[in-house]
Protein chains: 2
Amino acid sequence: MAAVPDARSEDISIGELSRLTGVHVETIRYYEKIEMLPAPPRSHGGRRIYDAGHRRTLAFIRHARELGFTLDEIRTLLGLARPGGTSCAQVRDIAAAHLGSVRDKIANLMRLEAILSRTIAQCADGAPTSCAVLDMLETPDAASVVRRVMSKKPSRADRKI
Amino acid sequence: MAAVPDARSEDISIGELSRLTGVHVETIRYYEKIEMLPAPPRSHGGRRIYDAGHRRTLAFIRHARELGFTLDEIRTLLGLARPGGTSCAQVRDIAAAHLGSVRDKIANLMRLEAILSRTIAQCADGAPTSCAVLDMLETPDAASVVRRVMSKKPSRADRKI
DNA sequence: CCTTGCTCCTGTAGTCGCTACAGGATGCAA
DNA sequence: TTGCATCCTGTAGCGACTACAGGAGCAAGG
């Protein structure tokens, strides 16, 4: 018996788990409170003792968070990831819905990017009487701003910013 | 007395102001509480009475929010927009910093988009033994996922999604 | 044995920008 | 007068954490 079954070589403290996964200690405790991560057994002194299973789950959560999935989506994904967790199709649906929202966000941000960069470029062109940024914010209707700004020919300064 | 000086034709209730600017009533009151919008005078019965100045300020705030500026940035912009509010350069700096963060977000989201769309496409290709999405989430290191996924040749399914 | 210093514990409150009530008062028309 | 829309204040909730306060556990050095 080189290894007694109960002597688990992979016992991890919360600090080690944090270092191993890159998830803050407070966040790990938060995940336990909202039941994202199962509550681990405790040591004699009341400290949490994690194992390789917890580590895998937390790494999964972290990767999904990095990809922008919500904690609710991840909860569902974790259920589907368990052996016997039904179909790949459901997982794909969640991922596809998320991909859709990522694409929406990109589209919105690119509209903002266009408005901001063109307006700032006008500033750089240096109309001395008024500030192009403030002018844009003061115009009565944002949709008209988009139209007006988008129809303007790009100036030299556009490429610099 | 067709028009007594004090009978201001532009007095607006909070509901009208909401309709005119597209900002929810609760949000207007919230802006007052956090001192984004000056507290207006009140009617005999305690109701808020706004004027064209409030309307302009609130429209400014709304446009800036639509462009993704934080309320703190907008507070600063409002200070700079007031007559004698120093220089256009400061306004441009705030806008440029914001533009930078918008571009960072776009870059991040486009990385996510690439990972998600390629992984989902692998799923659609139909490896029957395991789910490509779950596999990706379970791999130990997200950075390696990015590398692995990005170096994969796009399959036919990539173009469909 | 005692101190030092690190890690850990619980619990609460703060972040951002709202949103959603509860429980009441006001104001106007039929 | 009744009914209804609108308004008021105040508080709590959202998502996903983050930042304390105030204490306890634990190993090493003196």
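As the structure is a prediction and not an experimental result, all values here were calculated from the model. We name chains A, B, ... by the order of the sequence lines, and we start the count at 1 in each one.
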(message) By the 4.0 Å heavy-atom rule, please label R29(B) as base, sugar-phosphate, or nothing.
(response) base
(request) Return yes if some donor-acceptor pair links the side-chain N/O of H63(B) with the main-chain N/O of F60(B) below 3.5 Å, else return no. (result) no
(message) With a 4.0 Å limit, can you tell me whether H24(B) has a side-chain N or O closer than that to the phosphate oxygens OP1/OP2 of dC18(C)?
(response) no
(message) Output the rounded distance in Å from OH (Y30(B)) to C1' (dA20(C)).
(response) 15 Å
(message) Under 4.0 Å between a side-chain nitrogen and a carboxylate oxygen: does that hold for R75(A) and E35(A)?
(response) no
(message) Nearest whole Å is fine: how far is dT19(C) P from I28(B) CD1?
(response) 12 Å
(request) Would you mind reading off the distance between L71(B) atom CG and dT15(C) atom P, rounded to a whole angstrom? (result) 13 Å
(request) May I ask you to list the residues of residues 33-48 of chain B, by number, that have any heavy atom positioned under 4.0 Å from an atom of DNA chain D? (result) K33(B), R42(B), G46(B), R47(B), R48(B)
(request) Return the value, rounded to whole Å, for the distance between atom CZ of R19(B) and atom P of dA5(D). (result) 13 Å
(request) To the nearest 10°, let me know how far the axis at one end of the helix from dC1(C)-dG30(D) to dA30(C)-dT1(D) is tilted from the axis at the other, five pairs an end. (result) 30°
(message) Looking at F69(A), is its backbone amide N or carbonyl O close enough to the side chain of R65(A) to form a donor-acceptor pair, meaning the two atoms are under 3.5 Å apart?
(response) yes
(message) Return the CG to CE distance between L58(A) and M36(A), rounded to the nearest 0.5 Å.
(response) 9.5 Å
(request) Give, for atom CG of L109(B) and atom CG of N108(A), the distance between the pair rounded to the nearest 0.5 Å. (result) 10.5 Å
(message) Just the rounded figure in Å: distance from C1' of dG10(D) to CD of E32(B).
(response) 14 Å
(request) Would you kindly say whether S13(A) and E16(A) are connected by a side-chain donor-acceptor distance under 3.5 Å? (result) yes
(request) Determine yes or no for a side-chain-to-main-chain donor-acceptor pair under 3.5 angstrom, with T27(B) supplying the side chain and V23(B) the backbone. (result) no
(request) Tell me which of E16(A) and E26(B) sits closer to the 5' end of DNA chain C, going by the nucleotide each one is nearest to. (result) E16(A)
(request) For S117(B) and E113(B), indicate whether the former's side chain and the latter's backbone hold a donor-acceptor pair under 3.5 Å. (result) yes
(request) Heavy atoms only: give me the nearest L78(A)-I61(A) pair and the separation to one decimal. (result) CD1-CG1, 4.0 Å
(request) Let me know the distance between CZ of R65(A) and C1' of dT18(D), rounded to the nearest Å. (result) 14 Å
(request) Please name the pair of heavy atoms, one in P40(A) and one in E32(A), separated by the smallest distance, quoted to 0.1 Å. (result) CD-OE1, 3.5 Å
(request) Indicate, with a heavy-atom threshold strictly under 4.0 Å, whether Y31(A) touches base, sugar-phosphate, or nothing. (result) sugar-phosphate
(message) Output the rounded distance in Å from CZ (R75(A)) to C1' (dA16(D)).
(response) 11 Å
(message) Which nucleotide wins on minimum distance to the side chain of I14(A), given the candidates dT19(C), dT18(D), dC9(C)?
(response) dC9(C)
(request) Using whole Å, report how far CD1 of I49(A) lies from P of dT7(C). (result) 18 Å
(request) Measure from the side-chain heavy atoms of S13(A) and tell me the nearest of dC17(D), dC8(C), dT19(C). (result) dC8(C)
(message) Counting only side-chain nitrogens and oxygens, does T27(B) get under 4.0 Å of the OP1 or OP2 atom of dG17(C)?
(response) no
